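Data first, discussion second: the structure below is written as structure tokens.
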Amino acid sequence: MIRIHNHKLTISKLKMNYAYHTTNLKNTSIFRRGKYCLPRTRPQIRFSTQCLEFSTIPKEKTSSLRSIAREKEEEEVEKKMEESNKEMLMIQKWLNQHNELYTSATRHPFTLSIRDGSVDLSAFKRWLGQDYIFVRAFVPFVASLLLKAWKESDDDSDIEVILGGIAALNDEVSWFKREASKWSVSLSSTVPQKTNLEYCRFLESLMSPEVDYTVAVTAFWAIEAVYQESYAHCLSDGSKTPEELKETCRRWGNDGFGQYCHTLQNIANRRLEKSPEAIISKAEATVMRVLEYEVEFWNMSRGET
Ligand SMILES: Cc1ncc(CN)c(N)n1
């Protein structure tokens, strides 16, 4: 005996009913499965207390039913993704949405060539000279961010984090000078290239008091995060980074710098969560622009622009 929705049925009763309806079953998939097999999924069996009735669906209809089921399944997956998206923090959401651009910046052929040891040393020297110029323009940007944090932040600890960033940049400037002398790169005679000038001009635009603290701190996170991800990758398992370039990679790829970037990301996410849609959109567009500039900066280092 089988029990379907509390209706007790004997197998023989089902067989009888089935046999009775076989003439109407010729065009259905159940017919092909054998005379006495019980219907599985395709035929619908309606049971009522009064009568027991097989209702079959013509074969051509099963495929449209299948596509309806598939659509429903897809809708449910989409709904679940939307729900988990709502829980996801803003930056993670953007990184998922713009993964291709983010990967172009953090897995660029320039840093990949450092990782696999094939790097052209003249490209590395070009990068060194140009990045020194960039970092000098980066300092006033971070100083302007400190001012914004002091005026606008809802959390006092932001100021300490940014101040720590400025202190690290002070070390970085000294490091560039030492490294440049090690590689015989003359910093005083290095001329900023067009791409670098444009990126520095972009930084300058972000220093304006018109630019919201949330937008600026999110840009700051993105700028630091690209270097952290790129150089950490040059040190991760399987890398063949030449010994003489490892110190450069450690400068941004070390765990402490990773933790610092994570803190910046938390600040940015906290601010974004409380921001109106207009600010969120501006911050997103700014991050995309930063990623594009970072890609162009690596391209320039390879001598492509
Ligand atoms: C171009 C660029 N982007 C980011 C960083 C990391 N401060 C840097 N030094 N230079």
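One-based numbering, in listed order, for ligands and for the atoms of each. This is a predicted model, so every value here is computed, not measured.
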Can you name the residues that form a ring-ring contact (aromatic ring centres under 6.0 Å, His included) with Tyr213, not counting sequence neighbours?
none
Heavy-atom cut-off of under 4.0 Å around ligand 1: list whichever protein residues fall inside it, by chain and number.
Asp131, Phe134, Val135, Phe138, Glu172, Tyr199, Ile223, Glu224, Tyr227, Trp252, Glu294, Phe297
Can you establish whether the number of heavy atoms outside Trp150 located under 6.0 Å from its atom CH2 is more than 12?
no
Could you tell me whether the side chains of Glu294 and Tyr227 share a donor-acceptor contact shorter than 3.5 Å?
no
Just checking, is any N or O donor in the side chain of Arg271 or Ser153 under 3.5 Å from an acceptor N or O on the other one?
no
Per the side-chain hydrogen bond (donor to acceptor under 3.5 Å, both in side chains) rule, what does the pair list look like for residues 132-145, sequence neighbours excluded?
Tyr132-Arg136
Just jot down the salt bridge (Lys or Arg N to Asp or Glu O under 4.0 Å) partners of Glu152, sequence neighbours excluded, or say none.
none
